[in-house]
Amino acid sequence: MLFSIQLKRSLTTSLHPKIVSRDELQQRVANWRRAGDRITLANGVFAVLHVGHVRYLRAARELGGKLIVAVNADTSVRGLKGEGRPVMPAEERAEILASLADVDAVVVFPENDVRAIIREIRPDFHAKGTDYTVESVPERDEVEACGGRVVIVGDPKNHSATEIIRARSRLGPRKS
């Protein structure tokens with residue numbers, strides 16, 4: 001019985017201490033700011049976590065302070081990437097990200113971009129991967145209007161969840 005309860009808890013994202021609602025996120029950010037911490041926001045689909053994601057998040061963390069990762073909800077992923085995506089539900093993607101030591105909080109968001117979250121938490125830094133330039137970040141104006149700065153971090157973009165998914169689909173189903 002105890003194993004059953006523990007298993008249910010491990011599958012319930014709201015019980016993971018790093019996965020928070022938007023309201024909880026705002027409260028945590030307020031507490032962190034009172035403690036003198038800077039806030040860094042990173043975001044993405046994180047369809048299939050790969051080494052490029054890990055390096056991006058580690059570099060974002062190195063900006064200092066607390067690292068918040070905003071994960072696109074399933075509906076926004078379908079709108080951005082097309083039918084058949086995501087290959088993994090948002091709750092699972094969030095749980096994997098929350099397990100990383102570099103990450104302090106994870107929030108799932110339904111919008112196509114993070115402008116609303118930027119307005120809600122006013123991050124000091126908005127970290128984006130090297131597939132962007134500061135000028136091409138869609139939320140740049142919002143970040144700057146809130147007093148933050150866009151920073152490009154991570155290694156060169158030579159890892160792609162989309163390519164991993166394509167390669168896997170060409171291989172066909174795994175044999176038992």
Side-chain angles (χ1 to χ4, degrees), residues 6 8-77 80 86 88-132 134 137-140 142-155 157 159 161:
Q6 288 175 333
K8 282 182 183 177
R9 283 189 178 180
S10 69
L11 297 176
T12 306
T13 57
S14 64
L15 293 179
H16 194 293
K18 290 184 186 178
I19 301 172
V20 296
S21 70
R22 301 272 277 267
D23 290 337
E24 291 169 319
L25 179 61
Q26 289 179 48
Q27 186 58 50
R28 284 194 188 187
V29 167
N31 291 340
W32 290 333
R33 285 198 190 283
R34 277 194 292 278
D37 289 314
R38 288 194 206 180
I39 305 300
T40 299
L41 174 66
N43 71 285
V45 171
F46 302 99
V48 176
L49 195 67
H50 55 72
V51 71
H53 290 134
V54 172
R55 291 171 182 165
Y56 160 56
L57 296 173
R58 172 140 316 127
R61 176 56 178 237
E62 289 173 359
L63 295 170
K66 301 293 183 176
L67 176 60
I68 298 162
V69 179
V71 179
N72 290 82
D74 296 348
T75 53
S76 69
V77 174
L80 294 167
M88 186 183 313
E91 295 78 17
E92 292 178 16
R93 292 180 281 129
E95 188 172 349
I96 291 167
L97 289 162
S99 73
L100 298 176
D102 289 321
V103 175
D104 294 294
V106 177
V107 64
V108 176
F109 67 99
E111 300 91 351
N112 286 336
D113 63 46
V114 290
R115 284 181 176 93
I117 293 176
I118 290 166
R119 286 189 298 273
E120 292 165 10
I121 67 168
R122 305 176 70 82
D124 298 288
F125 303 108
H126 181 43
K128 295 297 281 184
T130 56
D131 47 336
Y132 288 92
V134 170
V137 172
E139 305 89 354
R140 186 183 103 206
E142 198 71 45
V143 173
E144 291 171 353
C146 290
R149 194 174 69 156
V150 172
V151 183
I152 305 303
V153 298
D155 64 350
K157 176 83 172 165
H159 309 281

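By the neighbour-count criterion of 12 heavy atoms within 6.0 Å, atom CZ of Arg22 is densely surrounded, having more than that number from other residues, nucleotides or ligands. Heavy atoms from other residues, nucleotides or ligands lying under 6.0 Å from CZ of Phe109 number more than 12.
For the pair Arg33 and Asp124, the salt-bridge criterion is met [side-chain N within less than 4.0 Å of a carboxylate O].
In this structure, Ala60 and Leu67 approach most closely via the heavy-atom pair CB-CD1, 3.9 Å. When all heavy atoms of Val153 and Ala127 are compared, the pair lying nearest together is CG2-CB, 3.9 Å. Here the shortest heavy-atom pairing between Ile152 and Gly129 reads CG2-O, 3.6 Å. Between Ala105 and Leu25, the shortest heavy-atom distance links the atoms CB-CD1, 4.2 Å. Nearest heavy atoms, His126 versus Val143: CB-CG2, 3.6 Å. In terms of heavy-atom proximity, Pro110 sits nearest to Ser76 at O-CB, 3.3 Å.
The CZ atom of Arg149 sits 13.5 Å away from the CZ atom of Arg140 when rounded to the nearest 0.5 Å. A distance of 11.0 Å separates CG of Leu41 from SG of Cys146, quoted to the nearest 0.5 Å. To the nearest 0.5 angstrom, Lys66 atom NZ is 14.0 Å from Arg38 atom CZ. Here Ile118 contributes atom CD1 and Glu142 contributes atom CD; the two are 6.5 Å apart, rounded to the nearest 0.5 Å. Of the inter-residue distances, the one linking Thr40 atom OG1 with Leu63 atom CG reads 5.0 Å to the nearest 0.5 angstrom. Within the model, atoms CE of Met88 and CG of Leu49 stand 8.0 Å from one another, a figure rounded to the nearest 0.5 Å.
A donor-acceptor distance shorter than 3.5 angstrom exists from the side chain of Glu24 to the backbone of Ser21, with no hydrogens or angles considered. At distances below 3.5 Å, at least one donor-acceptor pair connects side-chain atoms of Arg93 with backbone N or O atoms of Asn72. Checked by atom type and distance alone, the side chain of Asp74 never pairs as donor or acceptor with a backbone atom of Pro89 at under 3.5 Å. Although no hydrogens or angles enter the test, the distance criterion places a donor-acceptor pair under 3.5 Å between the side chain of Lys18 and the main chain of Leu100.
Test Val106, Asn43, Asp104, Ile39 against Ile68 for side chain to side chain contact (heavy atoms under 4.5 Å, CB included) and you get one pass: Ile39.
In this structure, a donor-acceptor pair under 3.5 Å is absent between the side chains of Gln27 and Asp23. Checked by atom type, the side-chain pair Asn31/Arg28 shows no donor-acceptor distance below 3.5 Å.
Relative ring orientation between Phe46 and Tyr56 is described as parallel, the plane-to-plane angle staying below 30° on a 0-90° scale split at 30° and 60°.
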